[in-house]
*Asks:* 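Following this message is one structure expressed as C-alpha cells.
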Amino acid sequence: MTNRIDYLNKIKTNTHNNLADSTTLIKTFDDMDNGFVNNILVNGSTILFRNTSEMIKNNKKYTYGTHGTPTTNDLCVAISMLERSDKTMVTCSGLMALTSTFLCILKPNDHALVVDSVYNPLKQFCKMLLTRFNVHVDFFDPRDEYNLKTLLRTNTKLIHLESPCSNTFEILDIHSICKYIKQRSNRCVISMDNSWATPLIYKPITQGVDISICALTKYPTGCSDVVIGSVSTTKKLSLAFNNFERLIGTTSSSYNCTLVLKNLKSVFVRLYYHHNSVVKVCKYLTTSGYVSHVFSPILPWSPDHKLWKRDYKLSNGIISFTLKSNKIEDYKRLLDGLKIFGLGWSWGGYKSLAAIADTKHRHFKGITNTPIIRLQIGFEDINDLINDLDNSFQHVNNKKT
Ligand SMILES: *Cc1c(COP(=O)(O)O)cnc(C)c1O
C-alpha cells in the first residue's frame, strides 16, 4: 500500500509550485491505490503480524486500532498539512482535544494562563479537574494584553489562547502574544483553539503557537453528524504527544475520519457562503432597531475589525447579539418564535441554529452583563432566515405593547 506522506510529497514535487491547500486536499486525499475519488475506509482493532519477532518488535506502521489505521492516519496527515504541524492526534471530541493538551503538558505545581472568554467546558475542566492535580489556572482579559503580561509567573507552563473567543469573538494578536511569551520564557508552551477559523483560514503554528487545536465537529465536518477533535503540534512536542496518545488511549473511529476527510474538501467554499450570509444578517441586525449590540469582527466599528482584516479576512457562520431589553423572558420569546432556525448547541453545519450563550462564568464582563443570543447561519435561503428573525422580533415587540 502506498504511503500517504510519500504520495503527498510526490504530488508537491511533480507540480513544481506551492499548491493552495484546497487544491492539495482534493489532489492528495483520494484512494491512492485504486483510483476512487474518496479515500478508503479501514476499520479495525486487531492487525495481524506475520510472525512472533514482528509481534515482539512492535515496529510495524500499524499495530493496533487505537494506535492508528490507514484512515485515521490519512486525516492526521491532512490536518498536519493544513496546520503546517509536525504531528496531529485525533481525539474523540473537540473538548477531549483541549483537555488532552492540558493533561499532556501540565504537572502538579505548574501554572496555566487561559483567556477568560474561552470555550466554557474547558474552563470548567480547569476549575473542577486541574485543581485536583494541584495545577493553578488564571484567566486573563482578552481585551487587555497587559493583564496577560502581569499574570505570567516563573512556573507558568501553558498559555492557552482562543481567537476569536467563544460567543463574543474577541480577537487576540496571536503573533504579538507569542513573540512576547517566547522572549520572557523558554519553557512556556502556547496552545490555541483554532475552531472558529479552521486551519484553512488561519494557521496558528506559523504565528508562533506550539499546539493548534480544532473541534473538527464544527466546520470541517459541516453536517452535525460527527464529534471529533484534533491536536496539531510542532516538532519539539511530537514525542511528548506520541507517548501521551498511547498512555491515554484516545482516538476517533475510522468511519468518522472518512466523513471529515470528505467534508474537508469543501470547507473553504462553505466558509465563503457562511461569510456572505453573515454579512447580510449583520446588516439586518444592526439596522433592525431591536438589537443593542452585535458581536462580529466583520463590523467596521468592532474593536476586533483591524486584527480580523489582518489575520482572517473571512468570517465563519456565527454571530451574536444582545437585545435592547435585558429581560430573559424577551430572549426566550424571541428564540421560541423562530420557525426556521433550530434551537440547539454547536455550530458549523448546514442547519441554522440559535442558542442562548452562557457568559456568567466570565471574570471580565465587558458589555456582556445581559444574555447573549448566538446564531449559526446555515444554508437555508438567506431571505427566509432574515424573515424568520424579523417575524420573531415583531412577535416579541407586539407582546410588549
Ligand atoms: C464546540 C467547541 C469545542 C468542542 O468541540 P466538541 O467536538 O463539541 O467537543 C471546542 N472549542 C470550541 C471553541 C468550540 O466551539
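Just so we're clear, the structure is a prediction, and the values are computed from it rather than from any experiment. Counting starts at 1 for both ligands and their atoms, following the listed order. Numbering of residues begins at 1 and proceeds along the displayed sequence.
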*Asks:* Which pairs, with at least one residue in residues 73-94 and sequence neighbours excluded, count as a ring-ring contact (aromatic ring centres under 6.0 Å, His included)?
*Replies:*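 For residues 73-94: none.
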*Asks:* For ligand 1, list the protein residues that place a heavy atom within a distance below 4.0 Å of one of its atoms, sorted by chain and number.
*Replies:*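 Residues Ser93, Gly94, Leu95, Leu98, Tyr119, Glu162, Ser166, Asp193, Ser195, Ala215, Thr217, Lys218, Val227, Trp347 each place a heavy atom under 4.0 Å from ligand 1, listed by chain and number.
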*Asks:* Cation over ring, Lys127 on Phe139, under 6.0 Å and within 45°?
*Replies:*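 Judged by the rule, Lys127 and Phe139 form a cation-pi pair.
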*Asks:* Which atom pair, heavy atoms only, marks the closest approach of Thr234 to Val209?
*Replies:*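 Reported closest heavy-atom pair: CG2-O, 4.0 Å.
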*Asks:* Should Asp330 and Lys324 count as an ion pair when the cut-off is N to O under 4.0 Å?
*Replies:*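 Lys324 and Asp330: not salt-bridged.
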*Asks:* Can you tell whether the side chains of Arg362 and Asp141 come within less than 4.0 Å, N to carboxylate O?
*Replies:*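 Here Arg362 does not pair with Asp141 in a salt bridge, since their nearest N and O are not under 4.0 Å apart.
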*Asks:* Do you know which of Tyr350, Phe268, Trp347 makes ring pair (Phe, Tyr, Trp, His ring centres under 6.0 Å) with Tyr219?
*Replies:*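 In the set Tyr350, Phe268, Trp347, the residue that makes a ring pair (Phe, Tyr, Trp, His ring centres under 6.0 Å) with Tyr219 is Trp347.
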